[in-house]
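Structure, as structure tokens:
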Amino acid sequence: MSAPPLTWTPWAPLPGAPSYTAIGLREQLDGGQAFRWYPESDDTTWIGQWSHHLARLRLRPTPTVGAALRRDNPASPPPLPLEYSLPASFAETTLPALRHYLAIDDDRHDRIDAALPLATDPHLATCHALHPHLRILRQPFGETLLAFLCSATKQIPQIKQMLALLATRLGTPLDFSVSAFQNFSVSENALPTWPQLAAVSEADLRACQLGFRARYIKGTAEVLAAAPAWLEETAALPYAAAKMRLLTLPGVGEKIADCVLLFGLGHHEAFPVDTWMLKAMARRYGLEGWSPTQVAHFGRVHYGPTAGLAQQHLFAWERTQGGR
DNA sequence: GTTCCACCTCT
DNA sequence: GAGGTGGAA
């Protein structure tokens with residue numbers, strides 16, 4: 001009855017996936033959208049989880065000769081194709097799930113990317129040039145809600161730590177043996193579902209280093225437990241109506257609602273505004289003194305259906321280049 | 001309608 | 001003080 005040993009499929013190209021630089025792949029997987037991807041030995045190979053899935057991604061390894069040829073321009077290595085490796089016994093279902101998660105062959109992403117107002121918005125064009133292939137992930141709704149309830153006044157490494165603890169202590173084991181994992185930060189468990197969260201005490205949640213967020217997660221779990229179709233019904237609503245429902249949950253304000261709407265429900269008109277974005281829009285767009293709500297409104301009006309992707313580009317640039 | 005502060009835990 | 005929210009002033 002013990003889980004089978006895990007064997008990985010051989011590394012293979014991921015058809016339809018964009019090419020990334022190491023920096024770009026890090027921004028894509030660990031830049032504030034998702035919190036369950038970990039680099040392996042270097043920053044070109046990552047292992048990550050979502051739902052009951054586990055996957056590895058890497059940049060196609062460069063031959064040594066290639067590295068030598070790039071010696072003249074080491075600061076900007078060329079983008080490399082993405083490769084994947086999956087648990088062999090689940091590859092048949094995980095591969096399509098991975099493609100969906102990464103929005104590969106998603107013409108909606110391609111249309112939105114093409115519709116970004118790069119010609120009339122020079123700063124956005126600068127940001128976009130830094131990560132031309134950055135895309136909005138398509139993450140499971142319930143997990144996205146949990147992740148961003150953890151995110152209040154926390155940095156990415158701390159959010160990842162909370163989610164890893166939640167999975168390890170409260171989640172359901174995956175069908176893999178523990179020894180399969182090469183990175184200790186990767187939990188052998190899925191994240192706890194909302195029914196599972198409703199069944200544990202606030203004290204158990206606090207033991208996952210959630211702090212005051214434990215009360216919000218417990219409260220949200222109770223709301224969802226009292227209305228079993230809550231997530232499903234919310235997922236069926238358009239942006240504004242889904243947002244109103246999310247805002248009724250304890251611990252969900254406008255920023256977290258917009259993150260969940262964008263990363264978990266694919267509502268690209270969402271424009272999450274945190275302190276980084278407040279700073280970015282004040283400095284780059286002259287919005288000094290504007291409130292977060294006002295900046296969010298500006299973003300939705302200015303960028304329309306491309307607001308979510310534009311926000312991710314502006315956000316990435318501000319965090320990594322913003323000192324200039 | 002806006003502003004201020006407590007809320008956990010760690011850097 | 002931190003990638004926020006809720007309640008009070």
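Letters A, B, ... are given to chains in the order of the sequence lines, protein chains preceding strands, and every chain is numbered from 1. Just so we're clear, the structure is a prediction, and the values are computed from it rather than from any experiment. Heavy-atom basis, side chains included; hydrogens, waters and symmetry copies ignored.
Considering A/Leu86, A/Ile104, A/Leu54 in turn, A/Leu86 is the only one that fulfils the side-chain contact (heavy atoms from CB on, under 4.5 Å) rule with A/Leu98. When A/Phe271, A/Trp290, A/Trp276 are each tested for a side-chain contact (heavy atoms from CB on, under 4.5 Å) with A/Met281, only one passes: A/Phe271.
A/Glu232 places no side-chain N or O within 3.5 Å of a backbone atom of A/Ala229 that could act as its donor or acceptor partner. A donor-acceptor contact shorter than 3.5 Å links the side chain of A/Arg108 to the backbone of A/Gly266.
Ring orientation note: the planes of A/Tyr101 and A/Trp37 are tilted relative to one another, at an angle of 30° to 60°. In this structure, A/His302 and A/Phe298 have parallel ring planes: the angle between them is below the 30° cut-off, well short of the 60° mark. Classified by interplanar angle (parallel below 30°, tilted 30° to 60°, perpendicular above 60°), the ring pair A/His128/A/His313 is tilted.
Between A/Gln158 and the phosphate of B/dC10, there is no side-chain N or O to OP1/OP2 separation shorter than 4.0 Å. In this structure, A/Arg206 reaches the B/dC8 phosphate: one of its side-chain N or O atoms is under 4.0 Å from OP1 or OP2.
Per the stacking criterion (ring centres < 5.5 Å, plane angle < 30°), A/Phe212 does not stack onto the base of B/dC8.
The P atoms of C/dA8 and B/dC8 are separated by 16 Å, rounded to the nearest whole Å. Rounded to a whole angstrom, the distance from the C1' atom of C/dG1 to that of B/dC4 is 16 Å. A gap of 24 Å separates the P atoms of B/dC10 and C/dG6, to the nearest Å.
Positionally, the nearest nucleotide of DNA chain C for A/Gln33 lies more toward the 5' end than for the other of A/Gln33 and A/Pro250.
Atoms CD (A/Gln311) and C1' (C/dG3) sit 10 Å apart, rounded to a whole Å. Atom NZ of A/Lys154 and atom P of B/dT11 are 9 Å apart (whole Å). Put simply, CG on A/Leu210 is 14 Å from C1' on B/dC10, counting in whole angstrom units. Atoms CD1 (A/Ile156) and P (C/dG4) sit 12 Å apart, rounded to a whole Å. Rounding to whole angstrom units, NZ of residue A/Lys160 and P of B/dC10 are separated by 18 Å. Between the C1' atom of C/dT5 and the CZ atom of A/Arg215 lies a distance of 9 Å, rounded to the nearest Å. In this structure, CG of A/Leu249 is placed 15 Å from C1' of C/dG4, rounded to the nearest angstrom. Rounded to whole angstrom, the span from the CZ atom of A/Arg319 across to the P atom of C/dG3 amounts to 10 Å.
Contacts of A/Leu205 with the nucleic acid, taken as non-hydrogen atoms under 4.0 Å apart, are absent. Nucleic acid contact class of A/Pro292 (heavy atoms, under 4.0 Å, all strands): none.
Residues from residues 251-280 of chain A that place a heavy atom under 4.0 Å from any atom of DNA chain B: there are none.
When side chains are defined from C-beta on, A/Arg36 counts as touching A/Leu191, because their heavy atoms get closer than 4.5 Å.
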**OP:** Under 3.5 Å for both distances, Watson-Crick or G-U wobble, that's the pair rule; now give the dot-bracket for DNA chain B, with | marking pairs to another strand and [ ] for crossing ones.
**Re:** .||||||.||.

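The side chain of A/Gln209 sits closest to B/dC10 out of C/dG3, B/dC10, C/dG4.
A/Arg138 contributes atom CZ, which lies 4.0 Å from atom CG of A/Asp106 (distance to the nearest 0.5 angstrom).
Counting only N and O atoms by type, the side chains of A/Arg56 and A/Thr9 include no donor and acceptor under 3.5 Å apart.
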